[in-house]
Structure formats: structure tokens, C-alpha cells
Amino acid sequence: MGQTTTHHTQNKVEKDYHGHPNYIKIWGVLVGILVLSLAVGELGHKVLSVTLIFGLALVKAIMVIGNFMHLKWEPKLLTWVMIFAVAALGIFYFGVAPDVVYVEMKIAK
Amino acid sequence: MSTNQTSHHQMTFVQKYIFSTDHKVIGMQYMITGLIMAFLGGFLAYGFRMQLAFPGEAIPLLGKMTAGQYNEFITMHGTIMIFWVAMPVLLAALGNLLIPIMIGADDMAFPTLNMISYWVFFLSTVVLIASFFVPGGAFAGGWTAYPPLSANGYTAHGWSVGLGGNLWIIAVALEFVAFLIGGINFIVTTFNMRAPGLTWFRLPMMVWMMLSAVLIFMFAVGPLIAGAAMLLLDRTVGTGFYNPAAGGDPILFQHMFWFFGHPEVYVILLPTIGVLAEVMTTFARKPIFGYKMIIYATIGAGFLSFVVWAHHQFIAGIDPRMATFFSITTIMISIPFSLIIFASIATLWKSSITLSTPMLFALGFIGEFLIGGVTGIYLGSSAFDIYVHDTYFVIAHFHYALIPTVFFGGLAAIYFWFPKFIGRMYNETLGKVHFWLTTISFNLVFFPLFFSGMAGEHRRIFDYSMWKSLMTPEIMNIRIISTLALIVLFLSQFIFVFNMIKSALSGPKAEKNPWKSNTLEWQADSPPPHGNFAQTPVVHRGPYEYSVPGRSEDYWPQTSAN
Amino acid sequence: MAHTTQTVDISEVPNGRAAMWWVIASEVVIFGGLIMSYLLFRMRYPQWGEYASHTSTPMGALNTLVLLTSSLTVALAHKAATEKNIAATKKYLWFTILGGVIFLIVKSVEYTTEISHGYTITANNFWSFYYAMTGLHAIHVIAGMVAMFLVMQIDVNKGRNLHRVEMAGLYWHFVDIVWIFLFPLLYVAK
Amino acid sequence: MGFLPPNVSSFGHHIDSLFWIITIIVGVAFIIAEGIFLYFIIKYRKKDGVKAEYVAGNVWSQTKWVLIPLAIVIALDFFVDIKTHTAWSEIKGGLPQNQDLKIRITGQQFSWAYTLPGADGQLDTDDDIKKTGELHVPADTNIVFDLEAKDVLHSWFVPALRLKQDAVPGRTIRGWFKVTQPGSYEVMCAEICGVGHTIMKSTMIAHSKEEFAQWVANGGSDTAPGAGGADPFADMAKNLFASGAGDAEKGKALVTAKACMACHNLDGSKTVGPTYKGLFGSKRTVTAGGQDKEVVADEAYLLRSIYEPGAEVVKGYPPAMPPQKGLVSEQEAKDIIEYLKTVK
């Protein structure tokens, strides 16, 4: 009994076509942020520069995910999945930190 | 996506059975590999239990056992039973067999990827079995592989020494890859390929549980894959991730392992709760009690399972304040699961129960799992865990939680869907004999271990003759009873194998819907052809409309219009 | 009797893209495991800051620029693919693979200089983490390049399955994001 | 539940009472749940003409039969949690105010090494008493221990004290206990630590306070120093081997059965313990009481290294062998020595 199954994503017109943002402009902004974070790196104040750099890295990541990977136009669920993945890592970090970060080492002779 | 289905030519034997992309064949391949590995794991248990009951004497079929071999056997028993029996049978086999047909799809979203996932799993099985015959033998550091022991105590030596351990890590990593690929297939199929009318709250409980099990597995396994890679580098290249002398920390691996370990036991439990819902509603002719309540409890337990892991490490050197936090979350996570068990008991209220073999196994699961769950409260309390951690009390607890889930739940599923996927009825009396033998011997093996654990019998000890307090006649008798009962448990599984093979070859033909059940797979032929349904089914109602008042028949299939 | 089973696509995300997002979710958790362990040790041992000073920030910055540019070219390739412009898609895909090659070249130059200074994987735990993280990332870069090459040969040349360009693009963007976080972690935080 | 060993620890009552509380709560809940479960199975068996009732369990009047028992279970759980917290904070939460005695416990592959402060009461002074396999402690005193591990994970477990604590290499984990009753109690290793995990036994001997003070004054041995007179093992060797040779065949089997091969070897390679190859009759440099000396490996030497390995430790090897007193009988020792003579 012949069984033809059309895989619906195969030759379907891009139903959820939602246009492409101006990639070049976003690329420009990203390079700008990169240069900015390098400049911040020269700043004397250590703690401020580290937090700024990671902040800028986070902004870059969110821009890449949002615009290049079109997460902005995907259903909300996918965004929540990504957030949960990062949250799971956060849970892991704060669950383990008291045991690894705040314990001084002493090697038994 | 592979498009070979469209040109449906006559497939050769290899394409049809070995490299098949049909979800039912792949499900059967997982099932058979899992069951064979179950016998291997059971044989290892026979080996080390004989050594425990009759220390130092030659074991039939195995000869005298040395301490190194003993560690090897217990490590491999744990690894095989969790990773090569529980997950393939409950997650991959039932998932592959049931998800597409239960949601009215012709196959998985990515059939070729599904086939690749089985063969990556098969490769990991070959690597694991090869690690037995490698010089130095298989890995012997406990299935939890805590460094520094699992990193050979950081005495630097290259690939040759401890090759068994390296193969063990590679086999487990390959198996994780296989289940990640399989998991993604399950998720996308459940999201995208449900039959028209099959909304989220009309999905059978089995599909819900499979989906949440795979999601929990995916998010929990990440850190352990990173940890295993770091451990492999420690063992071979000589880095010092967990080597205190080099600034590493052994406790980090324990956290990584149990961050995965605890959600893992829920990954194994959830498919069985799905099986429970299908089997009990069919044989009690009654809707599941609180369909939405169970689903919300499962989702809640899914999130909670990520903040519970350190109850395995109360006395492993973690910060005592953390132990209080984890003790509270451990007690909290017992709430959703007690809710699910109470709801399944409530399903039996005012029902009309036929005690066929699948129903016996499902009810057996509830009866035994209650003991497993109840003893979890002892261990969840951090203070009492000081005394019973790493003793036989823990072993008895987790066997009472895992064996009902894997064996009773798995066998209930196999007996229940055997007519559908093999097309023939199994022998009912043999099934019942198998059930009663398994239940009685299982209880005889593990219930006494609670007591020897209370007496302070600590784990993974090859020969207790050095401790007078553990060589009292009562404890010696417990070890002997438990071992003899294990032999009975092991042998009674051959009744199951005989029943399955005989019925598959010469059992009476099974009709489309032998149990008068509602879900979609019972509307397809048995065994369902390639592509499952001639016409895509349209779903009109939920899966558990049994004994609806005002209807002559006491079941109402999801697809029937009136 | 032939017939078509038209499985209705319930969620708006078609199969291929949904699967790729789930692959990215699991990869985030795997890379995250490694990065979190590194962070834990960074917090514990201040002297790792001094070890980190031996990594060359300019090389890292160059690599970040290279990967950002290749993210741009793969996004343009996806745009060209949706417009069924085969030639442009291939051009941009080749640019992206070129970006990957440049990244690997810069990486190997970096590795050789560091190893020549004696900072091998077993020098100390910082360097073990450095090589583990950048090594795993490099493997994913290679995997991404191979995937794009295969998509180009199998599908783009024959003008079918053009949505696969977007899959390879998503994976490539993920590899770029991992580097976006690796760069400050290993190179900038001195 | 007569299996719990008698409790001799000051905080042991917490654990025993906690055990009984949980057993009662959980036992009652279990019996009720299992009872209802079995009752339903029996009562609602399929009878002809009787249909099941459509109870979907989505309205409060039905779900209350599940949610209320659940609320009770939650309340009881949190009661157990409170009791657990008090017990946990006393045992592991912190150390008692008056810390009378500070000791160090070191787990190493395949034995427990104990360091007690000598007469001066200070650790890490040269009069410390170092013992492998035997911990002597005074009763009725708060003993604070520093637990550490040399190589892999170990776990110091004394069932009679209801105490267990993992020893993690790279950390010093502090804990305390107070023995309420003099006596000898078995100590176990509860974390898998390799091939010799089985033989990692040691004993804790609790003396009365005066007896312990006397023991410390004697520099860590029951008899006063110098009163030893003739070497006890020389006489044992004489009369043991007076009645003829042991059985080398049985000795060969005993060497694996008693897990000696976990540390020693027959081929001259360097393992945790010294090799047996060419041992008998050879010259060995040992450190005894701090000084090195040259000894001939005769029968008395072998008996001493079986029963009191800590007395004379071969140079370059850790004092890691647990004393075999009470584990290897004299006849078995004789057979083992006979076998060792044949290992060339």
C-alpha cells in the first residue's frame, strides 16, 4: 500500500517569512560594541571594567540571538527555553559556589 | 529531511530491519538491546551477591572473585542498569514505539536522525562491552565515578593503564549523544506533528510524560558531559581539573554528576507514570483522576528536580548550611510525586478492575514504589542521612524506587502493547506466574537489606568478615536469603522471555483494540503498517473518556466522531 | 491507494528550525557546564588573573571580529537563500567558511606561541581550562564549517532544501555567541 | 528494629529519635495508603453489569480526597524537617564550646592514620602519638577531629557513634564527637576507595579519662616503655615454628583472600606496600621510633609486620598497613610466612 508522506517543511514557501533586519547595520553596531569593550578594558578600575565588559558581551549575544537568529520573531516558548537553559547553569553555579569558591585548600602531608 | 519515503520501492532486508527509519523498528531495536543488557546487568548482580553471601568461595560460572573484580562488577551493574536498561527501554523504546502512533503521525519528525541515534547508542553498547575485555578490566570506581579514584588517584600514566575507565567514559558520553538526538526528535515530533484536533490537553499522559522526561534529561545532562570530558582529559592527558594538588576540586565532579543524577531518576520515573496512566485507566475502565493536576504536578516536579541534587552529598564535605537547604527541597519534591501516586490510587475508586498481567504490573508498581518513596523521607532528612549514607539502607531505598519503575513499569508497558506491536496475544497465565514470582522474589531480595543497612553494613565492601558487628548470624542470614531470592528473581525472567518468544511466533492473532482502549494507537492495525494510519486520524476528545454516563459502551475512542 | 498524510504544522516553528533551536539549547548547557566550572575556579584563585595575562588580547579581539563578520555573512547567505538567489547564497557561504578558516589560523598561531612559552594544557589548571574551552569551541567551528560545506554541495547547488542554509546559519551564530563569552572570560579579565 | 547498634555517642540520641519519628509518621501514612489501595483493588473488581463511575477528578469535591491527605503529608514532612534541622545543626552545624581534645584523622589508601597530641596536649609537636588502625580516645570528653585524605575519597564511619564524614583530599573537614561509654568500637570506610576498600578497618578504643591519661603518659602503649623486655614476636615465632613448617599452599590462597595483594606484589614492582619477592631472609632498612635500622626479614620480623605493622615501617613506604590482630589467626600467619619463603 503506497505511502506518500509529504514532509511539510520540505517545499513549503517560507510561511513564516518575517523579513530580514538590516544585517549590515547590526554588524556595525556589534563591531562598535567590541571596540567599546576593548577600550573599557584599558580602564584602571578593575571591577567596573570587568562588569562592563561582561555586560557588553551580554548585549552582543542578545543582539546576535535576536536579529541574526530571528529569536525575536519566534514564539515566546523558544525564548523561555533559552532563558531556562541559562537559569539551569545559574542554579548549578550558585549551588556549587559555596563548596568550591569559599573553601581554602590544604594538602594532607 | 530524507525523502526516500516518497519513492516507496521494495526495501532490502538491511534497509527494512537493520538501518530502518521506521520508528517502530527503531523502538524494537532499543527494546531488544535494553532487555539483553538487563540480563547482563542481572548476571553481574548474581556474581557479586554470591560473593557477599558466600565470601571467598568459588562462584558457579565465575570462579573465585578478587576485590578488583568485585568493584568492577558493582560498577558495571550500576552503569548498565541505569544507562543501558532503564533509559533505552523506558525512554527510547517506549518513546519511539508510542509517540508517533499516539499523536497520529506517520513517523518521527526526522526518521534518519532517529536511526542514527539508535546506531550511536549501539556503538556505545559495543564500547562498553569491549571495556570488559581490555587489559586492566572494566572501570572499577563505582558507577558514580568520583575522582580522584576515577582519575586513578592522579598517579600519572597514559592511555594504557585504566583503558577500561577511558572506554567507560566514552561509552557513557556516546550514550548521552544518542539520547540527546533521540530527545530532540521526540520534542519536535510532539510539538509539530500532532493529528488535527489533538490539542495539548487531549494528549495521552504517556506523551506528556515522555516529553517532560526528555526535556529534563536535556537540560540536566550538560554539566555532566562537560565534567566527563574534563575527567577524560584528567585520565589521559594529565590535566588536574579534580586534582587537589593542582588546585582542582573533587567535590566539583560530585556536584556535576548529581546535578545530572537526580533529574535522571525522574527522567526514568516519568515514562512509567505515563504507562501507569494508560494501563490503569484501560483496565479500571475509568478516567485518570485529575489529568491536569498530574500534569501540573509533573511540570512542577520537573523544575524542582534541578534544585535537589546535593542530598546525595550531605556528608561528602559540602557546606553544612547548603545541606539544610537541600534537605528542605528534597522533602518538597516528594510532594508532587505523592500527589501523582495518590491520584493513581484515587483512579481505582468506584472503578471496575480486570486484573490482567499489565494491570498487575501497574498495580505492583504502585504498591512497591510506595515503599521506595516512603524510605526516601529517611534519606531526605540530612541528620538521619549522616548514619545511613552509603549503607545498604540506601541500596534498598533506591532499588525500591528504581526496580518498580524500570521492571514493573517496563513490563506493564511490554505486556500492554505486545498485542499492538507484535500482532499476537501473549499467554496470560505465564504472565501472571511471571508477575507473582518477580514480586515475591524482589521483595525478598531488598526488604531485608533495610535492616542490614540499619546495622551499619556499609556499601561496596567485598568481604565483611573483618567486621565482627556485621558478621552476626542474622546479618549473614539476610545476605544468604537476599542472594537466593535474587537467583529466583533472575531465573523467573526467563519465563517472560519464553512467553514473549512463543507468543510472538505462535500466539493467537490480536485484534485491533483487544483492551477496548481509547488512545490512537489502538485505532491502527496491529501490528501497525509502515506509516501507521491509512488516513490521518482526527481527534475529537481526550484520551480517558471511559464509562461516560449515557453511553452503552464503557469506552469512547478519541477518533470516533459520535 | 496512494494518499498524502498532510500533517498540520501546529506550532509556527517548522521542524528543522525547531530541532536546531533544541540542539542549541543542549549545547548551551554543555558549554555552560565548562564555563561555570571555569568561573568557579576564577573566583577561587585570584592568581589565575596573572596566568590569564599571558593570553594575547589582540589575537582574541581579531578572532571576535572575524567571527562577528562571518555571522554577518551567514545571515546574508540566509537572506539570499530566502530570495532563492543561489549564486549569492553560495558566495556568502564561502565567505563564512573563509571566516572560519581565518579563525582557525589565528587560533593555531595563538596556540603555538603559547605552547612555545611553556603554557601547555598541563601547565596549570587555568591553561587546562583554556585549552579545553577553546579546543571544544574550535571543534564546533570545524563542525559548523563542514556542515555549511555539505549543505552547499548537497542542496544549494541543486537549488533545493534551501531552508537548510538557515539551520547551518543558526548553528554558526551559536558558535559565534560562545566565542563572544569566551573572549572576555579568557582574554580580557586580567 | 533491633538492628541499630547500641548508641555510645552524645548526639546519637538525635538520630535514633529521628529514626523513630520518621518510622511512625511514614509507617502510618504507608499503611493507610497501601490499605486503601488494596481495599480498592479488592472492592472494585469487575462485576458483571456494574459499570465504573465517571470521576474525572477535576472538581474540588473530588480532588479534596487527594489534596487534603497531601496537605497532611506536607505538614508531617515539614515537622520532620524541623526535627532534622535541630539534629543537623548540633552534629554538623558547628563545634562545641569546650573542645577538650583535638585529634587528626587521615584517610589513606587502605588504612586510617590517627595523630593524637602527646602529653603537651598540642598537635604537630614532636611528642604527638601517631597510630595506624587504632584510635585511643578518652570517654566523656568533647573530641574535635580534623579529617583529611591523602589520595582518594574515604569516609570515616563509626556506627556506634552514629557518625559518618567523608574525607576529601585537599580539604580539612572539622567535626566532633563525644563517646559516652568506654569500649572498643569498629570503624569503617564508607566511600569506595579502590581495591583495598574492603580491608580499610580500624578500631576506636575508648578509655576512661584516667586510663587514657595513663595511656598518653606511656607514650601511646598499654605497657610502660622499656618494660617490654624480650621481643614478644621472637618468642611467638619460636613456639609457632617449633611444631614444623606451615602449609605454603594455604598461605598462597590466604594472601589473596585477606586482600594482601591489594597493596603488596610478587614481582618486585613498587606498589602501595613493599614487594614479597625475595623477602624472606633479606636485609631491610626500617624506621622504628624515628631512627633507621637494619633488620633481617626473619619469621619474627614477618609476624611483627603482620600484627603490628606500625612498629617498624620499611623505609620509603607510608605507615599504611592496618594491623591484622583478630583478622589473621596465628596458624594463618604461619601458612602465609611459609608461602613467603617460597617467593623468590
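Naming convention: chains lettered A, B, ... in sequence-line order (proteins, then strands); numbering from 1 in each chain.
- Comparing Ile328(B), Asn243(B), Ile288(B), Thr330(B) by heavy-atom pairs within less than 4.5 Å of chain D, the highest count is held by Ile328(B).
- Heavy atoms only, all atoms of each residue included: Leu153(D) and Gln254(B) are closest at CD1-NE2, 3.3 Å.
- No side-chain donor from either of Ser155(D) and Asp390(B) sits under 3.5 Å from a side-chain acceptor of the other.
- The shortest side-chain heavy-atom distance between Lys286(B) and Val55(D) falls under the 4.5 Å cut-off.
- Residues Ile353(B) and Ile41(D) share a closest heavy-atom pair of CD1-CA, 3.8 Å.
- In the model, Glu545(B) has a side-chain atom that pairs as donor or acceptor with a side-chain atom of Tyr54(D) under 3.5 Å.
- The aromatic rings of Phe3(D) and Phe451(B) are tilted relative to each other, their planes meeting at an angle between 30° and 60°.
- Taking the side chain as every heavy atom from C-beta outward, Phe157(D) and His389(B) never approach each other to under 4.5 Å.
- Under the 4.5 Å side-chain criterion, counting only non-hydrogen atoms from C-beta, Leu4(D) is in contact with Tyr387(B).
- Here the OG-CG distance, from Ser381(B) to Asp81(D), works out to 8.0 Å after rounding to the nearest 0.5 Å.
- Taking 4.5 Å as the limit, every side-chain heavy atom of Asp151(D) sits out of range of all side-chain heavy atoms of Leu149(B).
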Legend entry - Derivation and outcome, salt bridge (Lys or Arg N to Asp or Glu O under 4.0 Å), residues Arg171(D) and Asp249(B): CA-CA 9 Å; Arg171(D) 286 162 189 262; Asp249(B) 200 332; 2.7 Å; yes
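- The two residues Ser351(B) and Ala52(D) come nearest to each other via the heavy atoms CA-CB, 3.8 Å.
- Atom CD of Glu474(B) has more than 12 neighbouring heavy atoms from other residues, nucleotides or ligands inside a 6.0 Å radius.
- If you check the side chains of Tyr464(B) and Thr198(D), you find no donor sitting under 3.5 Å from an acceptor.
- Tyr378(B) is listed as a side-chain neighbour of Thr23(D), based on a closest heavy-atom distance under 4.5 Å.
- Smallest separation of non-hydrogen atoms from Ile173(D) and Gly317(B): CD1-CA, 3.9 Å.
- Heavy atoms only, all atoms of each residue included: Leu363(B) and Phe37(D) are closest at O-CZ, 3.3 Å.
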